[in-house]
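Each chain gets a letter, A, B and so on, in the order its sequence line appears, and its residues count up from 1.
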Number of protein chains: 2
Amino acid sequence: MFIESPRYTERLGSVRLNHVQSVIALDSGLKNQLPPHSAMGVVKIDEETIKHYEDRMAIVIPVKDEKLKLFEGVVSGVPQDCLVIVVSNSQREKVDRFRMEGDALDQLCRFTLRQALIVHQKDPAIARAAMDADYNDLLDEDGLVRDGKSEAMIIGLLMAKAAGKEYVGFVDADNYFPGAVLEYVRNYAAGFSLAQSRYSMVRILWQYKPKISGILYLRKWGRISEVTNKYLNSLISTKTGFETEVVRTSNAGEHAMSMQLAEILPFASGYAGEPQELVSMFENFGGILPTKDIKVMEQGIDIFQIETRNPHLHEEKGNEHLNEMLLSSLSTIYHSPLCDEELKQAILAELIGQGILKKGEEPPPVYINAPLKKGKVLQLVEAIQSDFDKYHVLH
Amino acid sequence: MFIESPRYTERLGSVRLNHVQSVIALDSGLKNQLPPHSAMGVVKIDEETIKHYEDRMAIVIPVKDEKLKLFEGVVSGVPQDCLVIVVSNSQREKVDRFRMEGDALDQLCRFTLRQALIVHQKDPAIARAAMDADYNDLLDEDGLVRDGKSEAMIIGLLMAKAAGKEYVGFVDADNYFPGAVLEYVRNYAAGFSLAQSRYSMVRILWQYKPKISGILYLRKWGRISEVTNKYLNSLISTKTGFETEVVRTSNAGEHAMSMQLAEILPFASGYAGEPQELVSMFENFGGILPTKDIKVMEQGIDIFQIETRNPHLHEEKGNEHLNEMLLSSLSTIYHSPLCDEELKQAILAELIGQGILKKGEEPPPVYINAPLKKGKVLQLVEAIQSDFDKYHVLH
């Protein structure tokens with residue numbers, strides 16, 4: 001593939017946040033016309049490099065009662081060399097949708113001789129292992145793993161670590177275009193190949209998100225992202241003294257990280273997950289607050305934001321969640337120790353102006369799962385490994 | 001990629017028409033878990049094989065006043081090793097859209113160091129070359145090349161031959177998903193790699209064609225295709241005595257062929273182009289009517305129909321052309337010497353029932369451009385070659 005070189009890199013302490021890079025073409029052929037790093041502002045990422053990273057990558061697909069045809073399509077778009085890990089929170093009573101997902105995964109894997117893992121978020125064995133490893137953040141009052149996509153992501157991360165993978169990418173199960181899924185994963189690989197540090201993250205920016213209402217209208221920005229991006233950029237600006245528009249992927253569900261970064265990141269619940277990742281990196285390694293992790297400060301963290309060639313056509317889930325999404329997203333900034341009084345007031349004004357908060361109210365703080373390394377992560381991973389046969393779809 | 005093996009092959013004389021093969025997964029990785037031809041009914045087409053055919057393939061994109069963003073996206077999805085040939089019939093006055101297309105193509109090619117050709121359908125040099133080579137079918141009363149996609153395809157074929165390409169694939173310029181375009185071309189390559197004969201064709205069947213009307217509804221079949229397929233299958237059945245449903249791609253605009261097959265095929269104008277290709281192959285090599293081309297009869301013709309993983313999301317052009325499309329499509333069958341009286345009556349009943357024809361009317365015969373080899377094709381190709389500099393976008 002061909003991708004723009006990062007035109008500018010915003011530095012906040014040890015965090016290197018690269019401006020958006022667009023994918024120029026999906027394929028770069030076998031012939032070597034272009035040097036790997038071109039002076040022209042475009043980088044060619046060759047097939048071998050992409051496959052190198054795909055082989056070390058797990059793709060985690062969180063799924064909850066999704067249309068089976070969409071789920072199948074998404075799996076069929078994941079490159080063969082990646083390990084597919086499905087974390088399902090689908091219903092098991094009456095119609096056992098979890099079983100249907102397993103069957104569909106099994107069929108696809110049989111025909112393509114690939115491996116996959118599938119686990120249910122409410123599997124008591126996972127909850128027990130988390131408890132034994134003192135990682136209680138993950139658990140609900142009923143002793144099982146909490147609902148939510150962030151918790152599914154954490155299970156996926158643990159399974160990827162148990163399987164020895166070095167990178168983990170997340171892909172939503174509601175995508176209509178297998179070819180877009182293929183591109184996301186290849187973009188992850190491209191980003192990782194450009195990283196200097198072992199702590200790296202790739203966040204996907206959709207070129208367009210088609211809105212379907214009689215006619216096809218290609219929206220460049222989601223309403224929520226636009227607002228969250230604005231305040232995350234303000235957060236950076238108040239620290240550097242220079243206005244910036246670098247953040248364009250604050251709510252990017254499609255993103256990937258190196259396992260080493262994943263282990264030191266806290267994961268907020270609900271819609272706060274993706275923006276909290278950025279806020280936490282700014283807090284812990286932005287050079288403003290004290291850090292405990294000297295090794296990470298030395299290496300730095302590379303964040304890439306890659307704009308796809310494909311538009312993003314996913315299942316429309318209605319608008320009810322938009323307010324909640326904005327509230328959670330801005331709450332991550334509001335409650336950050338980096339957030340000064342002026343920015344707090346601006347966020348309150350935004351939320352009141354949008355009718356989401358009343359005067360005098362504050363955004364409720366988000367629930368945060370501590371970084372994995374805070375628990376006895378190795379013990380947790382070993383417990384999952386000992387149950388591996390159960391989760392494996394292997395041919 | 002992984003693709004189903006053809007489960008059954010319908011034989012009509014020398015024409016081997018394979019049943020639909022579905023794409024199972026878009027990527028097959030670098031690791032070699034599966035032998036190239038598996039006994040399991042699934043074939044793995046490895047990356048090297050795909051690139052082998054892409055390198056020998058030209059992708060012709062006919063374009064007429066299409067949205068520039070869609071055109072750019074389509075080009076960015078064509079694999080790098082293919083030669084892109086744009087045949088434009090866009091307006092040149094007031095807003096010179098042809099020039100805008102050229103500029104966009106030039107920019108994309110500059111950044112990816114690739115070659116491309118772009119020509120205007122009404123370029124007098126092309127018309128003059130056709131006239132000099134006694135290939136007057138292509139020309140309109142004004143002495144320029146006729147309007148129409150089939151005529152654009154023929155110009156594309158000639159340019160591909162001039163550039164020394166062995167395969168030519170056609171891709172429409174109105175596709176919203178670059179990733180789908182990438183898949184079409186890879187499917188072409190996969191099909192050619194399965195062919196026994198040097199005379200081969202790959203026709204794309206979209207898995208779904210989303211219909212946008214408030215909600216997203218994934219149609220499996222287009223209305224026109226369904227009807228044309230039915231009567232083309234009847235045409236085969238009346239000759240073999242066995243009912244068949246083998247034809248599923250009678251109106252497949254996305255299709256590709258070996259240059260050797262392209263040279264012996266007639267190309268009907270307008271919407272009749274794609275179904276006429278099948279009808280002509282049945283007429284000339286189906287073993288029922290006498291053939292003049294013993295060499296082709298010996299080798300046979302391989303036709304593959306490949307069902308994509310991606311749905312097909314293209315620009316909605318309205319419904320006005322649907323009647324015309326059905327009329328032209330069924331006309332190719334109606335006027336074939338293979339069509340018996342009973343089938344003719346069935347076609348008339350269909351067209352009258354749909355309100356497209358009145359009682360007593362017949363479908364007008366379609367305009368057919370003779371096969372390229374009927375003209376002095378080498379002279380025509382040489383003339384285009386001598387003008388090559390003019391058409392080249394080369395970096």
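- Residues B:Pro79 and A:Ser28 fail the side-chain proximity criterion, which asks for heavy atoms closer than 4.5 Å.
- Using a 4.5 Å cut-off between heavy atoms, A:Ile24 touches chain B through backbone and side chain atoms alike.
- A:Asp27 and B:Asp81 get closest at one heavy-atom pair: OD2-N, 4.4 Å.
- Only the side chain of A:Glu47 comes within less than 4.5 Å of a heavy atom in chain B; its backbone stays farther off.
- The shortest side-chain heavy-atom distance between B:Arg110 and A:Val42 does not fall under the 4.5 Å cut-off.
- Taking 4.5 Å as the limit, some side-chain heavy atom of B:Phe2 sits within range of a side-chain heavy atom of A:Gln80.
- Between A:Arg309 atom CZ and B:Ser76 atom OG the span is 3.5 Å, to the nearest 0.5 Å.
- Taking CG of A:Leu30 as the start and CD1 of B:Ile50 as the end, the distance is 10.5 Å to the nearest 0.5 Å.
- In this structure, B:Asn310 and A:Gly179 approach most closely via the heavy-atom pair OD1-N, 2.7 Å.
- With sequence neighbours excluded, the residues that form a side chain to side chain contact (heavy atoms under 4.5 Å, CB included) with A:Asp65 are A:Ser90, A:Gln91, A:Arg97.
- Here B:Lys69 is the residue among B:Lys69, B:Glu54, B:Glu4, B:Glu183 with the most heavy-atom pairs under 4.5 Å with chain A.
- A:Leu313 has its side chain within reach of B:Phe177: a pair of non-hydrogen atoms, C-beta onward, lies under 4.5 Å apart.
- With sequence neighbours left out, A:Ala58 forms a side chain to side chain contact (heavy atoms under 4.5 Å, CB included) with A:Leu83, A:Ile85, A:Ala160, A:Lys165.
- Counting heavy-atom pairs under 4.5 Å between each of A:Val181, A:Leu108, A:Asp55 and chain B puts A:Asp55 at the top.
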